[in-house]
K.L.:
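The structure's right below; bear with me while I get my questions together.
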Amino acid sequence: MSHTLNPSDPSAPPGTDRRTLTRVCTAVLLGSALEWYDYFLYGAAAALVFGQVFFPTASDSTSLLLSLATFGVGFVARPIGAMVFGHIGDKHGRRPALIATLMLMGLSTTAMALIPSHAMIGMAAPLLLVVLRLLQGMGSGAEYSGASVYAVEYAPPGRRGLFGSFAAAGVYLGLVLSSGALLLTTSLTTDAQFASWGWRLPFLASLLLIALGLWIRLRLEETPAFEEATDDVAPAKAPLLTLVRTQWRSMLLVMGLVAAPLSFSHLYQVFALSYMAEAGYDRVTGTTGLLVAGLVVMITAPLAGIASDWFGRRPVLMVGALYAIAFAFPFFMLVDSGRPVLAMVALALAQGGSVGIMFGVQGVILSELFSTASRYSGAAVSREFAAIIFGGFAPLIAVSLAASANGASWPVGIYVVVLAAITFVSALLAPETYRTSLSDGDAGTPATAGARLAQPALAGSPDR
């Protein structure tokens, strides 16, 4: 199947000429990358340096646990951000919500660079860090889902999986940028310099990156799907209440579908760094591994999106979950080898395989399971409540599991298998949506959620 954009396709949404579609894809990819640069930067810093800067104690492991706990705290604010910005996105449009989330995350991340250490102002330092982390979490609570919805609502027929994957690729471009910034900083500073001021430089750079992202998003137009849905009918006064009342089954289903990719993203990006540090690897090995892993996901996520346009969303998700189960224990075998190259390969295979495949189809599923009137709220709120349960505290749980087994990795491997099984079973129970319409009557409403619709093949799709 060719994914060449076809502006002459009469069934394509209005306004989807080649130039517009290119601008949409660029805005989703780069906007998500610049915003998630902030989020991943915090996670890496929490694993590498925040313990000694903001939570100095007699025990290194206690400092690490406290630092990782602040990483999890951000997830508490994510559902709040999902509800607030989801409401804006469904009532006032996708574009203003995406601009607002970008500004909130960028300003809070930049402010983190200016917090004095615990040695200078005592407990005020970690308290300020937690407050800014909560604000950062609110911004991220609607960013990925909103970017996915925006891309999918602009996608030509038969290419929603591909377009939905751009937000996922952008997220991991953000990982590459943050890992590269940390790698450069750690390479140019000593350990003492990095702990004192070096870690602050990538956070300060966020201000310039967010300015670029804001310039990109201000040039966006509203999606054709939202404009069509609000042409004759005014948006609901309370989209979230409508969502909970009419599409709660889809919300529960989404929580299971995203359990594995959400938790694995943070498990391999945060816990793996601390695990590798305790195994004797230097910081350069871990950050280089994350950089390579991010590049791999940027390839596998779009491939997974294209595959889902061919074969459906469910089988691609299930393949990703099975891959995660198969690689759960080999990952730690490679890391425990003591060889930096194998440790970096382990990160690349874990992220690129399991996370890349599942994350690549997550965005389009989030959009297809909800109606246009509440799609932004449905995608964001469902995903972010799942993030609290499965994602935010995954590194903390993994550290605790390993500590309970005297540093052994097998409990964490079992944890990975259980999470992947949840997503696999959820995919089995989910309706197939790759041939359904995004219109309100076909997008996962109670009448259709749970049963596959018999639709004619979409334009540009292979004959089935």
Side-chain angles (χ1 to χ4, degrees), residues 32 36 40 144-145 147-148 151-152 160-175 250 253-272 293-328 330-331 346-369 379 382-384 386-387 389-392 394 413 415-434:
S32 292
W36 284 89
F40 289 134
Y144 168 77
S145 300
S148 299
V152 170
R160 295 199 306 251
L162 173 64
F163 272 59
S165 70
F166 286 131
V171 169
Y172 278 86
L173 177 55
L175 173 64
S250 291
L253 187 61
V254 165
M255 293 175 71
L257 291 172
V258 303
L262 269 178
S263 56
F264 295 166
S265 294
H266 305 294
L267 196 65
Y268 289 125
Q269 290 155 20
V270 180
F271 167 74
L295 291 173
V296 174
V297 174
M298 289 173 61
I299 297 171
T300 55
L303 290 177
I306 293 173
S308 76
D309 284 333
W310 270 88
F311 306 110
R313 320 303 184 203
R314 295 170 67 245
V316 176
L317 255 182
M318 289 188 283
V319 167
L322 290 175
Y323 182 104
I325 292 172
F327 197 65
F331 171 80
L347 280 173
L349 292 178
Q351 292 277 33
S354 60
V355 179
I357 294 171
M358 291 184 285
F359 206 31
V361 295
Q362 184 183 121
V364 68
I365 291 175
L366 292 176
S367 302
E368 290 175 341
L369 283 174
S382 303
R383 184 176 186 270
E384 299 314 326
I389 300 171
F390 300 109
Y415 180 47
V416 169
V417 170
V418 170
L419 291 167
I422 292 173
T423 290
F424 183 86
V425 172
S426 298
L428 282 176
L429 298 175
E432 183 54 79
T433 56
Y434 78 125

K.L.:
Which value, rounded to the nearest 0.5 Å, describes the distance between M298 atom CE and L175 atom CG?
P.N.:
10.0 Å
K.L.:
Shortest non-hydrogen contact from P302 to A169?
P.N.:
CG-CB, 4.3 Å
K.L.:
Spell out, as yes or no, whether a donor-acceptor pair under 3.5 Å connects the side chain of Y172 to the backbone of I299.
P.N.:
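It does not hold such a pair.
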K.L.:
Work out which heavy atom in V297 is nearest to a heavy atom in Q351; give both atom names and the distance.
P.N.:
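In this case the closest contact between V297 and Q351 is CG2-O, 3.4 Å.
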K.L.:
Of all the heavy-atom pairs spanning L257 and P261, show the shortest one and how long it is.
P.N.:
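Closest approach of L257 to P261, heavy atoms only: O-CD, 3.8 Å.
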K.L.:
With heavy-atom distances below 4.5 Å as the criterion, would you say the side chains of F424 and I325 are in contact?
P.N.:
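When only atoms from C-beta onward are counted, I325 and F424 do not touch, as no gap falls below 4.5 Å.
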K.L.:
Indicate yes or no: at least one non-hydrogen side-chain atom of M318 is less than 4.5 angstrom from one of L428.
P.N.:
yes
K.L.:
Does the side chain of S426 come within less than 4.5 Å of M255's, by heavy atoms?
P.N.:
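No, side chains not in contact.
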K.L.:
Taking side chain as C-beta onward, heavy atoms only, is F390 less than 4.5 Å from V258?
P.N.:
no
K.L.:
Taking S308 as the fixed residue, which of R313, R160, R314 is the one that meets the side-chain hydrogen bond (donor to acceptor under 3.5 Å, both in side chains) rule?
P.N.:
R313
K.L.:
Does some side-chain heavy atom of F331 sit less than 4.5 Å from a side-chain heavy atom of L349?
P.N.:
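Result no, sub-4.5 Å side-chain heavy-atom pair not found.
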K.L.:
Hey, does the side chain of T300 reach the backbone of G352 with a donor-acceptor pair shorter than 3.5 angstrom?
P.N.:
yes
K.L.:
Taking the inter-plane angle between the rings of F264 and Y268 on a 0 to 90° scale, is it parallel (under 30°), tilted (30 to 60°) or perpendicular (over 60°)?
P.N.:
tilted
K.L.:
If you measure from OG on S263 to CG on L419, what distance do you get to the nearest 0.5 Å?
P.N.:
4.0 Å
K.L.:
Got a donor-acceptor contact below 3.5 angstrom from the S250 side chain to the L369 backbone?
P.N.:
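Pair found, side chain donor or acceptor close to backbone of L369.
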K.L.:
Could you check whether any side-chain N or O of S382 sits under 3.5 Å from a backbone N or O of A379, counting only pairs where one atom can act as donor and the other as acceptor?
P.N.:
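Here the side-chain-to-backbone pair does not exist.
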K.L.:
What pair of heavy atoms forms the shortest contact from V416 to A328, and how long is it?
P.N.:
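Looks like CG1-CB, 3.7 Å.
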K.L.:
Quick check on the 6.0 Å ring-centre criterion: do F359 and Y144 meet it?
P.N.:
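They qualify: ring centres under 6.0 Å apart.
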K.L.:
Distance check, rounded to the nearest 0.5 Å: I365 atom CD1 versus R383 atom CZ?
P.N.:
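So the gap between those two atoms works out to 12.5 Å.
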K.L.:
Taking the side chain as everything from C-beta on, heavy atoms only, tell me whether I306 gets closer than 4.5 Å to S165.
P.N.:
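No; the side chains remain at least 4.5 Å from each other.
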K.L.:
Look at the aromatic rings of F166 and F163 and report parallel, tilted or perpendicular, splitting at 30° and 60°.
P.N.:
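Taking F163 first and then F166, their aromatic rings stand perpendicular (interplane angle over 60°).
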K.L.:
If every non-hydrogen atom of I422 is compared with every non-hydrogen atom of A259, which pair is closest and at what distance?
P.N.:
CG2-CB, 3.9 Å
K.L.:
Keeping T423 on the side-chain end and G256 on the backbone end, is there a donor-acceptor pair under 3.5 Å?
P.N.:
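At least one qualifying donor-acceptor pair exists.
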K.L.:
Which atom pair, heavy atoms only, marks the closest approach of P431 to L253?
P.N.:
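The pair with the smallest heavy-atom distance is CD-CD2, 3.5 Å.
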